[in-house]
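Every chain is numbered from 1 and lettered A, B, ... according to where its sequence line falls, protein lines coming before strand lines. What you see is a predicted model; the values in this text were computed from it and never measured.
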There are 2 protein chains.
Amino acid sequence: MYTIGQISKLFHLPTSTLRYYDKEGLFPNIERSSGIRRFGEKEMEALRVIECLKKSGLEIKDIKQFMEWCAQGSSTYPQRREFFLRQKEVVEGEIRKMEKVLDMIRFKCWYYEQAIQDGNEDRLHEMLPDHLPKEIQLLYDHAHED
Amino acid sequence: MYTIGQISKLFHLPTSTLRYYDKEGLFPNIERSSGIRRFGEKEMEALRVIECLKKSGLEIKDIKQFMEWCAQGSSTYPQRREFFLRQKEVVEGEIRKMEKVLDMIRFKCWYYEQAIQDGNEDRLHEMLPDHLPKEIQLLYDHAHED
DNA sequence: TCTTGACCTAAAGTTAAGTTTAAGTATTAT
DNA sequence: ATAATACTTAAACTTAACTTTAGGTCAAGA
């Protein structure tokens, strides 16, 4: 069992954030000894899940819902499964978007390399939007589609 | 040339957001005819870049800096190239993090499927942290590393 | 003519996720 | 015993990125 200060160091989170999470209900039924929070394995796994769900774009209140399901026991396994299945879709979508963002950035890296070599953007403007070198055209099209 | 309302529809952004971006300096030297903003190809490409850079985690003030370099002409090609090279690193890192998040979620999907089948988490608790089925262990380890 | 709709500005309001402050209690080290 | 540390709370503050509000201009259609 750990105190809030130890957990703060282990997870690189300020104690104020941990208290805020607790206040928001992210550690339902956390143990206390004479007022002081005791973080156990359950709370540590909760924190790992919190980090993960935050990265996946969820708000604190949605994460709280999940933690409440956990506290309710085996009757909520189906909700918890549905919750992660849904979040899987969300994150897969996010990653696809980020790949598009990355291709836009790769294109811009190439673009400015050419601009530096040429000293201007004249040749580049002539190539746009569909007379770019093959590899670059793929990046450009992916980044600009939809 | 388009009005703010047309651009709002084309980019699915409220006009209030477009005006906010303008106020924050994201369209330096945007044309106006009797007070009304005229969005041209330059502003449309700016908007595509804004969407992209926002997704990559940048704040409006950093994006403004880039737009100012663009307005300054060819002397800032090197800064702009460095800017995108840096952002490429950032986004590649983001994607790696999201792949980790995804593996945690995949693990949890499997976990709750097992829990539903078993009716409890006893067998799962016995398998943790390193006696999971091969494929699942890979997900778990990737998600929990560091 | 008048009213509808699209544009404009400045300023105030909103929201989420913390962070900071102020005041107090408890544990640990010397 | 006492001083320094680590814990506690409630409430106010912060920040970014919008959004809303209130008031105004201007052009086109009934």
Asker: Per the side chain to side chain donor-acceptor pair (under 3.5 Å) rule, which among B:E113, B:E121, B:Q117 passes with A:Y77?
Answerer: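 In the set B:E113, B:E121, B:Q117, the residue that makes a side chain to side chain donor-acceptor pair (under 3.5 Å) with A:Y77 is B:E121.
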Asker: Is the backbone N or O of A:E89 less than 3.5 Å from a side-chain atom of A:E94, with the two atoms forming a donor-acceptor pair by type?
Answerer: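 Answer holds: no.
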Asker: Assuming nearest nucleotide by heavy-atom distance, tell me which of B:F39 and A:E59 is located more 5' along DNA chain C.
Answerer: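 On the 5' side of the pair lies B:F39.
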Asker: Would the number of heavy atoms belonging to other residues, nucleotides or ligands and lying under 6.0 Å from OH of B:Y2 be above 12?
Answerer: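 No - once you tally the heavy atoms of other residues, nucleotides and ligands closer than 6.0 Å, there are 12 at most.
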Asker: Using the ring of each side chain (for Trp, its six-membered ring), is B:F39 parallel, tilted or perpendicular to B:F27, with breaks at 30° and 60°?
Answerer: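 If you compare the ring of B:F39 with that of B:F27, the planes turn out perpendicular.
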Asker: Touch check for A:T3, heavy atoms < 4.0 angstrom, all strands: base, sugar-phosphate only, or nothing?
Answerer: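 Sugar-phosphate, backbone atoms only, no base.
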Asker: Do any N or O atoms of the protein come closer than 3.5 Å to N or O atoms of nucleotides 25-30 of chain C, and which pairs are they?
Answerer:
from   : atom 1 : to    : atom 2 : distance (Å)
C:dT27 : OP1    : A:S34 : OG     : 3.3

Asker: For a quick test of reading the model, state the closest non-hydrogen atom pair linking B:I50 to B:I63 and the distance between them.
Answerer: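 Looking at all heavy atoms of both residues, the shortest contact is CG1-CG2, 3.9 Å.
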Asker: If you draw a 6.0 Å radius around CD in B:E31, do more than 12 non-hydrogen atoms from other residues or ligands fall strictly inside?
Answerer: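 Atom CD in B:E31 is not crowded, with 12 or fewer foreign heavy atoms closer than 6.0 Å.
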Asker: Quick one, which residues of residues 19-29 of chain B touch DNA chain C with a heavy atom under 4.0 Å?
Answerer: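 Under 4.0 Å from DNA chain C: B:R19.
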Asker: Where does the chain B footprint on DNA chain D start and end, counting 5' to 3' with a 4.0 Å heavy-atom cut-off?
Answerer: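 From 5' to 3', the first and last contacting nucleotides are D:dA17 to D:dT20.
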Asker: Indicate the ring-plane relationship of B:Y140 and B:F107, choosing parallel, tilted or perpendicular according to the 30° and 60° boundaries.
Answerer: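 Because their plane-to-plane angle is over 60°, the rings of B:Y140 and B:F107 count as perpendicular.
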Asker: How close do A:I105 and B:S56 get, counting heavy atoms only, and between which atoms?
Answerer: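 Minimum heavy-atom separation between A:I105 and B:S56: CD1-CB, 4.4 Å.
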Asker: In this structure, how many angstroms lie between the C1' atom of C:dA17 and the NZ atom of A:K61, rounded?
Answerer: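 One finds 12 Å between C1' of C:dA17 and NZ of A:K61, rounded.
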Asker: Could you give the CD-to-P distance, from B:E31 to C:dC7, as a whole number of Å?
Answerer: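 Going from B:E31 (CD) to C:dC7 (P), I get 17 Å.
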Asker: To the nearest Å, how far apart are A:L58 CG and C:dG18 P?
Answerer: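 It is 13 Å, rounded to the nearest whole Å.
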Asker: State, with a plain yes or no, whether a side-chain heavy atom of B:L18 is found less than 4.5 Å away from one of B:R37.
Answerer: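 They are not in contact (no side-chain heavy atoms under 4.5 Å apart), so the answer is no.
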Asker: Report yes if the side chains of B:E51 and B:L13 come closer than 4.5 Å at any heavy-atom pair, otherwise no.
Answerer: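 With C-beta onward as the side chain, the pair touches.
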Asker: I'd like to check A:D146 versus A:K100 (side-chain heavy atoms, cut-off strictly below 4.5 Å). Are they in contact?
Answerer: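 Yes, their side chains come closer than 4.5 Å.
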Asker: State which of C:dC8, C:dT20, C:dG18 makes the closest approach to the side chain of A:S16.
Answerer: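 Comparing C:dC8, C:dT20, C:dG18 against the side chain of A:S16, the answer is C:dT20.
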Asker: Would you say a side-chain N or O of B:R38 is under 4.0 Å from OP1 or OP2 of C:dC8?
Answerer: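 Answer no for this pair, as no side-chain N or O of B:R38 is under 4.0 Å from OP1 or OP2.
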